[in-house]
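A, B, ... follow the sequence lines: proteins, then strands. Residue 1 opens every chain. Since we're looking at a predicted model, the values are computed, not measured.
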Amino acid sequence: MDRIKVKLALQAEPTGQEIESRGWVRTKRESKQGFGFLELNDGSCLSNLQIVVDASVVPDGEALLKQITTGTSIGVQGKLVASPAKGQKVELQATRIWIYGLADGKTYPLQKKGHSFEFLREIAHLRPRTNSFGAMARVRNALCAAIHEFFQSRGFLYIHTPIITTSDCEGAGQMFRVTTLDVAKLPRVARSNSPLPPGEGASADDIDWSQDFFGKPASLTVSGQLEVETFACATGDCYTFGPTFRAENSNTARHLAEFWMVEPEMPFFELVDNMGLAETFIRTILQQVLDRCAEDMAFFNERIDKTVLATLRNIIDHDFIRLPYTEAITILESCGQAFEFPVKWGIDLQSEHERFLTEQHFKQPVILFDYPRTLKPFYMWCNDDGKTVRAMDVLVPRVGEIIGGSQREDRYDVLVERLKECHLNPDDYWWYLDLRRYGSVPHAGFGLGLERALLLLTGMANIRDVIAFPRTPKNADF
RNA sequence: UCCCCGAUAGCUCAAUGGUAGAGCGAGCGGCUGUUAACCGCUAGGUUCUAGGUUCGAGUCCUAGUCGGGGAGCCA
């Protein structure tokens, strides 16, 4: 008999038809000797299929019931019938049950009770078997599918930018070094008059990187933006979607050392176009997940954050606020709120300022734009005021910055000057500058942190619980 | 990395410096179709690690490790 997934079994019209299902037992309820109920889950949906086990019907039923515990993997054949009791529409009256693998109740960590997320993080290999992480896996999958569909339906090309990079670009934080050198015996640059004995007190500058795999220092990417711009300026609208690495020693509920980022890049786009696309993008993918994961989203709203559905509805139904940085400063200065960090034009907005804007003042997403150039990277388009750049950050309630983007500086001379202003060597950016030297066009793009979007979407409090195997300082287990 | 808080049974947590406890889970038994079933019994501990103070430390002190909340950095 063909296996039917639980999701389909639950949707089927129960006419007493013979079906077979397989999965893992979530709970067992024994009503009396030789009679009990099993909750079968196979990850196809949040709900379990209730299996009715009557030892007078199921061969070896009594012995099977004794062996089967939470976590046991089994196969069941039986009749799918309407359930006479509350709690489920259909149930499977077993005629045959077999065990794939036992799960010793004495040692199996997942119990028939709620667990803290802190505990589940310690058993990341088993937490996909919980309601929360099963739902998360399905929602994450649906979000990724929605992201691809959003861009694919608009004719964007999916570009694979490199994970390993030798351009120490952007200065977007600490990077992870990639090397095949023997770290216990690093080759040094020969320096005849070096006062230090070999291998002692040397800095990275003393390493002979020419002996390394790539012949120069290499790192894991912190962004695919610079590379994807080469395609935006050639084949048109495009996006990258892949893992990103930041070696910052950040210990917060919103930071990961390895996370996934979506970075679209569009030629002939200016900042206002960029903001429009970012807003449509967020609203579209959120709606898509609500449509496709209704049961899982109801679960998050019920068990994780009772406001999450209302928050998403509010975001989808209303236009985002678009606010120049300068006006945001005016609002913060005159709002009468006492902030720990004083507000003044030119400061980088702190968490408390962002939260005030999104959670108290506007109570919806805010797109801040035209930031002081001193706060932003070299590649952003310099406004004529000489003070600001065409940057934009999309801030959402609770999570904070979910998107960062900008119109790119496409004027060769201005970009060279900006590089120098940021104490970067234009020679190191020769290929990036070439895009401005030959057939330069206005273009813009942004980056969405996938895990931050999932925080917004699910109401989860900690980013370590929206990715299967989180990498954070001092933690890369599993 | 900084500030604050925490670490005790499988899990969630109690325990004036003086014999280590509960609920849940687990095991066993019972129970007329249960819904985090219910009832009874049983087992389960190097109190995070290393030092120190004390007649005596789960409790006080120091350092470390890990976790939580907040901050910085950012997506």
Given the rule that a pair is Watson-Crick or G-U wobble with both distances under 3.5 Å, how would you write RNA chain B in dot-bracket, using | for pairs to a different strand?
(((((((..((((....[..)))).(((((.......))))).....(((((..]....))))))))))))....
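- Classification of A:R283 and A:D319 as a salt-bridged pair holds, one side-chain N sitting under 4.0 Å from a carboxylate O.
- Residue side chain A:R121 does not reach the base of B:rC66 through any donor-acceptor N/O pair under 3.5 Å, judged by distance alone.
- Using a 4.0 Å cut-off, some side-chain N or O of A:N462 falls inside it from OP1 or OP2 of B:rG68.
- For A:F341, the side chain to side chain contact (heavy atoms under 4.5 Å, CB included) partners are A:Q350, A:E352, A:H353, not counting sequence neighbours.
- A salt bridge links A:D465 and A:R121; the closest N-O separation between the charged side-chain nitrogens and carboxylate oxygens is under 4.0 Å.
- Residue-to-nucleotide contacts include no donor-acceptor pair under 3.5 Å from the side chain of A:H115 to the base of B:rC11.
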Treat primed atoms plus P, OP1 and OP2 as sugar-phosphate and everything else as base, then score nucleotides 30-40 of chain B 5' to 3': B for base contact with protein heavy atoms under 4.0 Å, S for sugar-phosphate contact only, - for none.
SBSBBB-B---
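- Remark: A:E118 pairs with no residue by the salt bridge (Lys or Arg N to Asp or Glu O under 4.0 Å) rule, at least two apart or across chains.
- Residue A:R355 has no polar side-chain atom (N or O) positioned under 4.0 Å from OP1 or OP2 of B:rA71.
- Distance, A:R464 CZ to B:rG69 P: 9 Å, rounded to whole Å.
- For A:Q111 against B:rG10, a side-chain N or O and a base N or O form a donor-acceptor pair under 3.5 Å.
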Using a cut-off of under 3.5 Å, enumerate the N/O to N/O pairs linking the protein to nucleotides 45-49 of chain B.
none

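- Applying the salt bridge (Lys or Arg N to Asp or Glu O under 4.0 Å) criterion to A:E13, with sequence neighbours excluded, gives no partner residue.
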